[in-house]
Engineer: 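Handing you this structure, nothing more for now.
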Amino acid sequence: MKNKRLITIVGPTGAGKTSVSIALAKHFNTEVISSDSRQIYKGLTIGTAAVTPQEQDGIPHHFVGTLEVTDNFNAFEFEKQALKVIEESFEHYDNLVMCGGSMMYIDAVCKGIDEMPDVDLSIRKQLIKQQEEEGVDALSQRLYEIDKTYYDAIDPKNPARVIHGLEVYLTTGKPISSFRQNTSKERPFDIIKVGITLPREQLYERINLRVDKMLEAGLEEEARRFYPCRECNSLKTVGYRELFDYFDDKITFEEAIRLIKRNSRHYAKKQLTWFRKDEKTRWFAPDQESEILAYLKVEI
RNA sequence: GGUACCAUAGCUCAGUUGGUAGAGCAACGGACUGAAAAUCCGUGUGUCCCUGGUUCAAAUCCAGGUGGUACCA
């Protein structure tokens with residue numbers, strides 16, 4: 001039997017992954033799995049440039065607008081749910097398209113991540129507070145005493161990772177390193193990675209322009225609607241947090257716009273750094289549809 | 001055309017009595033397995049407009065040139 005293929009489209013934000021994914025899904029007469037950690041939330045449509053029903057053009061999309069912004073979600077959860085959908089879909093299709101820029105979500109599906117215990121979020125909250133008051137060094141020191149293996153593996157100046165180590169220990173009584181296997185899981189399907197990008201200058205221009213378009217489309221109003229949930233993880237997102245600062249009178253509107261553009265560019269750059277590491281990714285410009293199809297070895 | 005002022009990083013500019021230069025913004029590189037659009041770490045990237053002069057030594061002083069700005073004609 002012929003191998004099933006997960007055609008995985010990666011690349012920086014604003015490069016044009018969405019339209020490529022839909023063209024490919026149409027070509028293969030299949031569906032799209034979104035690997036975007038923000039488009040998965042209901043209502044964050046303008047600010048995340050979520051694929052619209054018009055753009056979808058009848059192609060079924062999974063994991064777009066399916067969660068409430070108050071929901072907690074993570075890469076491991078995504079791995080589980082996405083694999084289930086992928087498995088079911090492969091009963092009907094030979095090819096599936098996965099498209100999105102969330103680096104760790106993509107890796108979770110392609111390589112898997114270790115299962116870890118659920119953490120007590122009140123413990124996390126407490127640790128965050130402590131970090132803000134005492135600084136990260138105090139927490140790093142504690143982590144060092146509890147779990148030297150993990151301490152050596154991470155950047156002790158990075159509060160998110162230090163806190164994560166501590167919260168797992170405080171929740172389970174076991175060091176986080178005992179849960180970390182760091183092994184790659186094999187998948188029962190082929191994964192083929194297609195990168196979509198543009199020359200840096202063009203990419204940045206498109207990103208800046210897209211922010212202007214988002215504003216015209218009502219980003220400010222959308223952000224205002226979610227202001228009450230500004231502490232939710234789902235809203236710790238470029239485009240919203242800057243506007244929240246504006247709503248809080250911390251910065252001017254113009255400054256917020258400037259920062260949204262800059263932070264989007266930084267995000268794109270960070271994505272490129274991550275995606276570049278995977279040598280199996282074959283890179284294309286968003287308009288190279290026929291080249292992409294040729295690469296996927298099909299008749300044009 | 002005349003006078004004055006200016007010319008330094010991608011941009012805006014700082015640079016003391018001469019000792020080959022540094023801030024902000026922007027940019028660039030990297031890490032990252034249960035927050036990942038998160039969270040961190042790192043990097044000055046320069047023909048100091050050009051040519052000549054003075055000097056041990058010029059971004060700095062002098063002359064000329066070029067370009068720009070303002071005002072006067």
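Naming convention: chains lettered A, B, ... in sequence-line order (proteins, then strands); numbering from 1 in each chain.
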Engineer: Using a 4.0 Å heavy-atom cut-off across all strands, classify A:L259 as base, sugar-phosphate, or nothing.
Structural biologist: nothing
Engineer: Would you please name every residue forming a salt bridge (charged side-chain N to carboxylate O under 4.0 Å, His left out) with A:D212, sequence neighbours left out?
Structural biologist: A:K261
Engineer: Could you tell me whether A:Y204 contacts a base, only the sugar-phosphate backbone, or nothing, with contacts defined as non-hydrogen atoms closer than 4.0 Å?
Structural biologist: sugar-phosphate
Engineer: Using distance only, find each side-chain donor-acceptor pair of residues 102-114 of chain A under 3.5 Å and give its atom names and separation, not counting sequence neighbours.
Structural biologist:
from, atom 1, to, atom 2, distance (Å)
A:S102, OG, A:S37, N, 2.7
A:S102, OG, A:S37, OG, 3.3
A:D114, OD2, A:Q181, N, 2.4
A:D114, OD2, A:N182, N, 2.6

Engineer: Taking A:R187 first and then A:E79, would you say they form a salt bridge - that is, a charged N and a carboxylate O separated by under 4.0 Å?
Structural biologist: yes
Engineer: For A:F76 and A:Q271, take the nucleotide of RNA chain B holding the closest heavy atom to each; which residue's nucleotide lies nearer the 5' end?
Structural biologist: A:F76
Engineer: May I ask you to decide whether A:R258 forms a salt bridge with A:E254, counting only side-chain N to carboxylate O separations under 4.0 Å?
Structural biologist: no
Engineer: Using 4.0 Å as the upper bound for N to carboxylate O, is an ion pair formed by A:R224 and A:E221?
Structural biologist: no
Engineer: Distance between the P atoms of B:C50 and B:A58, in whole angstroms?
Structural biologist: 14 Å
Engineer: Taking atom C1' in both B:A14 and B:C72, compute the distance separating them and give it to the nearest angstrom.
Structural biologist: 32 Å
Engineer: Heavy atoms only, 4.0 Å cut-off, all strands: where does A:T237 land among base, sugar-phosphate and nothing?
Structural biologist: base
Engineer: Nearest heavy atom decides the nucleotide; on that basis, is A:M104 or A:N182 closer to the 5' end of RNA chain B?
Structural biologist: A:N182
Engineer: Reckon A:R38 touches a base, only the sugar-phosphate, or nothing at all at heavy-atom distances under 4.0 Å?
Structural biologist: base
Engineer: Could you give the distance separating B:G2 and B:U60 at their P atoms, to the nearest angstrom?
Structural biologist: 25 Å
Engineer: Please assess A:Y41 against A:T237 for the test side-chain contact (heavy atoms from CB on, under 4.5 Å), listing each intermediate value before the final yes or no.
Structural biologist: CA-CA 11 Å; A:Y41 292 104; A:T237 301; over 6 Å; no
Engineer: Give A:F78 one of three labels, base, sugar-phosphate or nothing, depending on what nucleic acid heavy atoms sit under 4.0 Å from its own.
Structural biologist: nothing
Engineer: Determine which pairs satisfy salt bridge (Lys or Arg N to Asp or Glu O under 4.0 Å) with at least one residue from residues 25-44 of chain A, sequence neighbours left out, and list them in order.
Structural biologist: A:K26-A:D57, A:K42-A:E68
Engineer: If you measure from the C1' atom in B:G15 to the same atom in B:A59, how many Å do you get, rounded?
Structural biologist: 8 Å
Engineer: Looking at every strand, decide which applies to A:M116 at a 4.0 Å heavy-atom threshold: base, sugar-phosphate, or nothing.
Structural biologist: base
Engineer: Please work out if A:N263 contacts a base, only the sugar-phosphate, or nothing of the nucleic acid, heavy-atom cut-off 4.0 Å.
Structural biologist: nothing
Engineer: When the C1' atoms of B:U45 and B:C40 are considered, how many whole Å apart are they?
Structural biologist: 23 Å
Engineer: Tell me what A:D107 touches on the nucleic acid: a base, only sugar-phosphate, or nothing, going by heavy atoms under 4.0 Å.
Structural biologist: nothing
Engineer: Who passes salt bridge (charged side-chain N to carboxylate O under 4.0 Å, His left out) against A:E167, sequence neighbours left out?
Structural biologist: A:R124
Engineer: Which is true for A:T13 with a 4.0 Å heavy-atom rule: it touches a base, it touches only sugar-phosphate, or it touches nothing?
Structural biologist: nothing
Engineer: Would you please enumerate the stems RNA chain B participates in, each stem being three or more consecutive Watson-Crick or G-U wobble pairs with both distances under 3.5 Å?
Structural biologist: B:1-7 with B:66-72, B:10-13 with B:22-25, B:27-31 with B:39-43, B:49-53 with B:61-65
Engineer: On a whole-Å scale, what distance lies between the C1' atoms belonging to B:A9 and B:A21?
Structural biologist: 10 Å
Engineer: Mind checking ring pair (Phe, Tyr, Trp, His ring centres under 6.0 Å) for A:Y246 and listing every partner two or more places apart, or none if nothing turns up?
Structural biologist: A:F253
Engineer: Partners of A:E87 by salt bridge (charged side-chain N to carboxylate O under 4.0 Å, His left out), sequence neighbours excluded?
Structural biologist: none
Engineer: Which part of the nucleic acid, if any, lies within contact of A:T183, taking any heavy atom under 4.0 Å across all strands shown: a base, the sugar-phosphate backbone alone, or nothing?
Structural biologist: base
Engineer: Between B:U69 and B:U12, how far apart are the two P atoms, rounded to whole Å?
Structural biologist: 13 Å
Engineer: What pairs with A:F189 under ring pair (Phe, Tyr, Trp, His ring centres under 6.0 Å), at least two apart in sequence or on another chain?
Structural biologist: A:F90
Engineer: Assign A:G101 to base, sugar-phosphate, or nothing according to its heavy-atom contacts below 4.0 angstrom with the strands shown.
Structural biologist: sugar-phosphate
Engineer: For A:D152, check salt bridge (charged side-chain N to carboxylate O under 4.0 Å, His left out) against everything at least two apart and list the hits.
Structural biologist: A:K148
Engineer: Could you tell me how far B:A26 sits from B:A31 if I compare only their C1' atoms? Round to whole Å.
Structural biologist: 23 Å
Engineer: Among residues 247-256 of chain A, which ones have heavy-atom contacts with RNA chain B below 4.0 Å?
Structural biologist: none
Engineer: Is A:K111 touching bases, backbone alone, or none of the nucleic acid, heavy atoms closer than 4.0 Å?
Structural biologist: nothing
Engineer: Would you grab the first and last nucleotide of RNA chain B (5' to 3') that comes under 4.0 Å of any non-hydrogen atom in chain A?
Structural biologist: B:C25 to B:C41
Engineer: If you look only at pairs with a residue in residues 121-171 of chain A, which of them pass as a ring pair (Phe, Tyr, Trp, His ring centres under 6.0 Å), with sequence neighbours excluded?
Structural biologist: A:Y144-A:Y151
Engineer: What does A:E115 touch in the nucleic acid at a heavy-atom separation under 4.0 angstrom: a base, only the sugar-phosphate, or nothing?
Structural biologist: base
